[in-house]
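Heads up: the structure comes next, in structure tokens.
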Amino acid sequence: MSFDEMIRKASRERRSRVVLALDLEDPDRGKLMQRSMDVLSAVAKHVCAVKLNRQLVLALGLWGGVDSIVNTIHEFSLPAIMDAKLNDVGHTNEFMARSYMDAGFDALIASPITGWEGGMDSVFKLAESRDKALIMLTYMSNPGAQTFYSMQASRGNESPKPMFETFIEMARQWKAYGLVVGATRPEIIRRSRELAGRDMAILSPGVGAQGGDPRAAIGAGSDYLIVGRAIYEASDPKKAASQYSELTL
Ligand code: O7M
């Protein structure tokens with residue numbers, strides 16, 4: 001099953017558009033692994049995908065650590081997203097992408113800032129050959145994100161426009177599965193949806209701990225909300241995940 005089919009199926013069956021960001025920290029490897037498994041089993045019925053980032057990869061290692069978390073995510077019939085934020089030259093991007101794909105991830109997040117040739121080209125070719133999804137980070141959720149994502153820039157003879165608009169055009173041209181657009185700026189989500197059309201998914205982090213409004217993000221055109229601390233730091237993560245799911249219906 002493709003990533004798109006997996007996330008849609010899980011979303012439909014669980015009536016949830018919440019992607020869990022499992023960004024736990026603990027200096028004790030054993031405890032970190034146990035806590036990750038505990039949070040996963042508590043919330044699995046209320047989320048449609050799980051996103052890991054380098055926090056767990058650095059602490060647990062990809063092999064004999066994160067790979068078993070990916071297996072568990074799959075046992076819950078959920079797709080696993082690696083928030084790799086790939087942003088390097090082609091051969092190292094390709095090595096990282098291949099390693100994450102070998103570890104079982106169904107989708108990877110990359111930054112379009114490298115451009116195509118010698119940057120994203122190798123990653124897209126690999127993803128196509130392995131039937132994996134690529135998601136482009138086109139507007140971040142943090143306050144300072146506007147410095148660059150909204151910077152007016154022109155390509156060639158074109159008139160200037162905000163950088164994120166060019167990133168979305170590139171993501172479309174490259175046939176990315178979707179975009180990450182911060183939930184903290186509904187007006188940017190709305191514009192991103194206009195430019196992306198209906199075919200590309202929009203995933204939005206930044207609700208809860210970062211102050212974004214889940215309903216406003218969905219109303220502006222996001223398909224999925226990425227939620228971390230507001231779920232795994234809650235006294236009852238299952239209840240928090242279920243409440244966020246309800247907000248996205
Ligand atoms: O809900 P939080 O704030 O605890 O966590 C948000 C998650 O989304 C966390 O895993 C971040 O790495 C991620 N994220 C952002 O918070 N803002 C962004 O602009 C982009 C991401 C992200 O997922 O990038 C791909």
Side-chain angles (χ1 to χ4, degrees), residues 3 7 16-25 32 35-36 39-40 43 46-59 66 69 73 79-88 93 96-97 100 105-114 120 123 132-150 163-164 167-168 171 176-189 192 200-214 216-218 220 222-234 237 240-241 243-245 247-248:
F3 174 75
I7 194 168
S16 172
R17 301 209 234 169
V18 173
V19 174
L20 171 69
L22 193 60
D23 301 333
L24 301 171
E25 291 175 41
L32 182 58
R35 178 99 204 288
S36 303
V39 173
L40 272 179
V43 311
H46 301 288
V47 301
C48 61
V50 181
K51 179 183 85 77
L52 305 189
N53 74 20
R54 283 164 289 194
Q55 243 154 308
L56 286 190
V57 176
L58 288 172
V66 161
I69 296 182
I73 294 169
I81 305 170
M82 178 60 210
D83 184 0
K85 296 195 178 74
L86 296 170
N87 186 20
D88 206 341
N93 271 345
M96 291 185 278
Y100 291 130
F105 284 98
D106 308 289
L108 304 184
I109 297 174
S111 177
I113 191 79
T114 60
M120 277 302 131
V123 180
K132 305 283 184 182
L134 290 176
I135 303 167
M136 295 288 120
L137 178 57
T138 54
Y139 208 117
M140 293 192 69
S141 58
N142 57 306
Q146 65 180 27
T147 310
F148 292 109
Y149 288 98
S150 280
M163 288 276 279
F164 80 96
F167 289 154
I168 295 173
Y177 162 80
L179 312 173
V180 171
V181 183
T184 45
R185 294 182 178 87
E187 75 289 359
I188 299 287
I189 298 175
S192 300
M200 269 196 284
I202 298 183
L203 295 88
S204 293
V207 300
Q210 297 182 48
D213 174 350
I218 295 286
S222 294
D223 297 292
Y224 303 105
L225 298 181
I226 296 174
V227 190
R229 288 165 288 179
I231 292 179
Y232 64 73
E233 284 181 356
Q243 284 169 343
Y244 270 97
S245 301
L247 287 176
T248 62

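Whatever order the structure lists ligands and atoms in, that order sets their numbers, starting from 1.
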Which pair of heavy atoms, one from Ala241 and one from Val43, lies closest together, and at what distance? CB-CB, 3.9 Å
Ala21: numbered ligand 1 atoms lying under 4.0 Å from its heavy atoms: 7 (C), 10 (O)
Among protein heavy atoms, which sits nearest to atom 16 (O) of ligand 1, and what does the distance come to when rounded to 0.1 Å? Gln210 NE2, 2.8 Å
Please check if the side chain of Ser245 supplies one atom and the backbone of His46 the other of a donor-acceptor pair under 3.5 Å. yes
Taking atom types as modelled, find out whether Tyr139 and Ser150 have a side-chain donor-acceptor pair closer than 3.5 angstrom. yes
Report the nearest protein non-hydrogen atom to atom 1 (O) of ligand 1: residue, atom name, distance rounded to 0.1 Å. Gly228 N, 2.8 Å
Checking contacts here: is it the side chain or the backbone of Leu203 that comes within 4.0 Å of ligand 1, counting heavy atoms only? Could be both or neither. neither
Which heavy atom of the protein is the closest neighbour of atom 19 (O) of ligand 1, given with residue, atom name and distance? Ser141 N, 2.7 Å
Checking Arg185 side chain against Gly212 main chain: does a donor-acceptor pair fall under 3.5 Å? no
Would you say the side chain of Phe105 lies within less than 4.5 Å of the side chain of Asp83, judging by non-hydrogen atoms? no
Under 3.5 Å, is there a donor-acceptor pair between the side chain of Lys132 and the main chain of Leu108? no
Taking all non-hydrogen atoms of both residues, which atom of Cys48 and which atom of Ile7 are closest, and how far apart? O-CG1, 3.7 Å
So which atom in Gln55 and which in Asp23 form the shortest heavy-atom distance, rounded to 0.1 Å? NE2-O, 3.1 Å
How far is atom 12 (O) of ligand 1 from its nearest protein heavy atom, and which residue and atom is that? Asn53 ND2, 3.5 Å
Look only at the side chain of Asp106 and the backbone of Ala80, and say whether a donor-acceptor pair between them is shorter than 3.5 Å. yes
Just to be sure I read this right, does ligand 1 sit under 4.0 Å from the backbone of Met140, its side chain, both, or neither, counting only heavy atoms? both
Under 4.0 Å, counting heavy atoms only: does Glu233 come that close to any atom of ligand 1? no
Is Ile226 in polar range of ligand 1, meaning some N or O pair under 3.5 Å apart? no
Any donor and acceptor pair, going by atom type alone, linking the side chain of Arg17 with main-chain N or O of Leu225 inside 3.5 Å? no
For ligand 1, which atoms, with element, lie under 4.0 Å from some heavy atom of Lys85? 12 (O), 22 (C), 24 (O), 25 (C)
Among all protein heavy atoms, pick the one closest to atom 22 (C) of ligand 1 and tell me residue, atom and distance. Asp83 OD2, 3.5 Å
Which is closest to atom 14 (N) of ligand 1 in terms of heavy atoms, Ala230, Pro205, Gly206? Pro205
Consider every N or O of Asp23 and every N or O of ligand 1, then say whether any pair is closer than 3.5 Å. yes
Numbered in order shown, the ligand 1 atoms found under 4.0 Å of a heavy atom of Arg229 are 1 (O), 2 (P), 3 (O), 4 (O)
At a 4.0 Å threshold, what atoms of ligand 1 neighbour a non-hydrogen atom of Ile109? 25 (C)
N or O pair under 3.5 Å between Lys51 and ligand 1: yes
